Amino acid sequence: MHESQDLSPDSLVVAAGRPDRERDAPVNPSVVLSSTFLGTGPLGDGDRGYGRYANPTWEPFEDALGRLEGSPEPALLFSSGLAAVSAALSLVPLGGLVVMPGHSYAGTVQMATELAEKGLFTLRLVDVTDTEATLEALSADGGAADLLWLESPTNPMLGVADLPTLIEAAHARGALVVVDNTFCTPLIQQPLLLGADLVLHSVTKYLAGHSDVVLGALVARDAGLRSTLLHHRTLHGSIAGPWEAWLALRGLRTLALRVERSQASAQILAERLAAQSAVERVRFPGLPEDPGHERAKAQLKGFGSILAIDMAAGWGRTGAENADALVRALHLWMPATSLGGVESLIERRRRHVAEPESVPENLVRLSVGIENAEDLWADLSQALDALPAHGG
Ligand SMILES: Cc1ncc(COP(=O)(O)O)c(C=O)c1O
């Protein structure tokens, strides 16, 4: 294969970030455990210098993710998704305006809210599925937004934004556009190709895929923007450990298979859950009756593998109590926060105090893993069947 050969994403996840093809070279990059690098130039200089500036173990993953997102630039790995959020928000000028979905990941909203409360910028939280309202927020009160934050589908409401329209409108007002692409991965959505300036990932989730690391990443199309973010990462020290970076690349190798399997199962489970009387509503863009379905069909290469259900009240209990009873009665599904790993996880989101009150108390988020879909259904089904008998 020639380096310049155009590979499909499911080959790229396997082939990108490999060591050079030299006799007896390893097929995988090595973990480089060194906090400093030799400077052998005339001034004692080298290209890497110190372990907070660079580590060769980051580079194969950064190269692979940059290519997957369709950027000419390598990605930048961060110590967590939120460290990447912090770096992205640092791009907002003092006194600037940020427009953000109120239903972005709760940690992102919390960070933006705290920074806004300190007076660093003005924050407008919007319902990003409402295109008109979002467009209005971008230019209301005579001002123009400096940064449009997008997350689509949103976490955990699964709302789908009209990305092309919002990106174009934000650019027309001179705003930078960041898209959190954690839920979709570049296999389902490539925001840079829709015109976004920056893509963010909680690498912790699908990209690494095994619930064994916490990492984040940013991908910029523009070299200048990347270098500003690199400067931020270096100064703030929000860097990845070499082991974690290596594990993320190892996880990425199976991303296409994992996404294919888990989203096929999510579709089956969403359809079956929608027919259950104990389930008031299923939120999943793959269902034709979902408000985001048409948009998702037009914008995405799949519907992903996160779904949410609003549990009905009944048997003398509120919907939230039934949600808790459901989660407690499961054996295969694991009651834990996070998403995007090989194992299926389930949780009632409002158990977190930081979750906005606009997320219903009875909403349960399901991250569908790669187990057998019938086993996952059997477990859900027995837990739903047990609800009437379940002690309050
Ligand atoms: C959509 C989304 N973005 C960002 C984050 C933050 O990432 P991390 O937990 O890796 O800091 C999360 C974490 O759940 C998330 O779901």
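Atoms considered below: every heavy atom in the structure, side chains included; atoms not considered: hydrogens, waters and symmetry mates. Keep in mind that this is a model prediction, so the values were computed, not measured. In each ligand, atom 1 is the first atom listed, and ligand 1 is the first ligand listed.
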Atom 14 (O) of ligand 1 [closest protein heavy-atom partner, distance rounded to 0.1 Å]: K205 NZ, 2.8 Å
CD on Q276 to CG on L384, rounded to 0.5 Å: 5.0 Å
Residue L215 vicinity, atoms of ligand 1 by number, heavy atom under 4.0 Å: 10 (O)
Which of the ligand 1 atoms, numbered from 1, are nearer than 4.0 Å to a heavy atom of T182: 1 (C), 2 (C), 3 (N)
SB check E374 R272 (cutoff 4.0 Å): yes
Check: L68 main-chain N/O paired with Q190 side-chain donor or acceptor under 3.5 Å: yes
Where ligand 1 meets L82 - atom numbers and elements under 4.0 angstrom, heavy-atom basis: 6 (C), 7 (O), 8 (P), 11 (O)
Close N or O approach (L200, ligand 1; < 3.5 Å): no
Test item: side-chain donor near acceptor, H103 and E151, under 3.5 Å: no
Proximity flag H201 to ligand 1, non-hydrogen atoms under 4.0 Å: no
Salt bridge (Lys or Arg N to Asp or Glu O under 4.0 Å) assessment of E69 paired with R67: CA-CA 5 Å; E69 287 288 4; R67 290 173 68 185; over 6 Å; no
Distance, nearest 0.5 Å, that separates CD of E132 from CG of D130: 7.5 Å
Residue, atom name and distance, where the atom is the protein heavy atom closest to atom 7 (O) of ligand 1: S202 OG, 3.1 Å
salt_bridge(R233, E62) N-O dist < 4.0 Å: yes
For D180, the ligand 1 atoms whose distance to one of its heavy atoms is below 4.0 Å: 1 (C), 2 (C), 3 (N), 4 (C)
Sub-3.5 Å N/O-N/O distance, V85 and ligand 1: no
Closest to atom 10 (O) of ligand 1 (judged by heavy-atom distance), picking from V214, V213, I306, T204: T204
Nearest non-hydrogen protein atom, atom 6 (C) of ligand 1: Y105 CE2, 3.5 Å
Sub-3.5 Å N/O-N/O distance, N155 and ligand 1: yes
Ring geometry between H232 and H236 (parallel below 30°, tilted from 30 to 60°, perpendicular above 60°): parallel
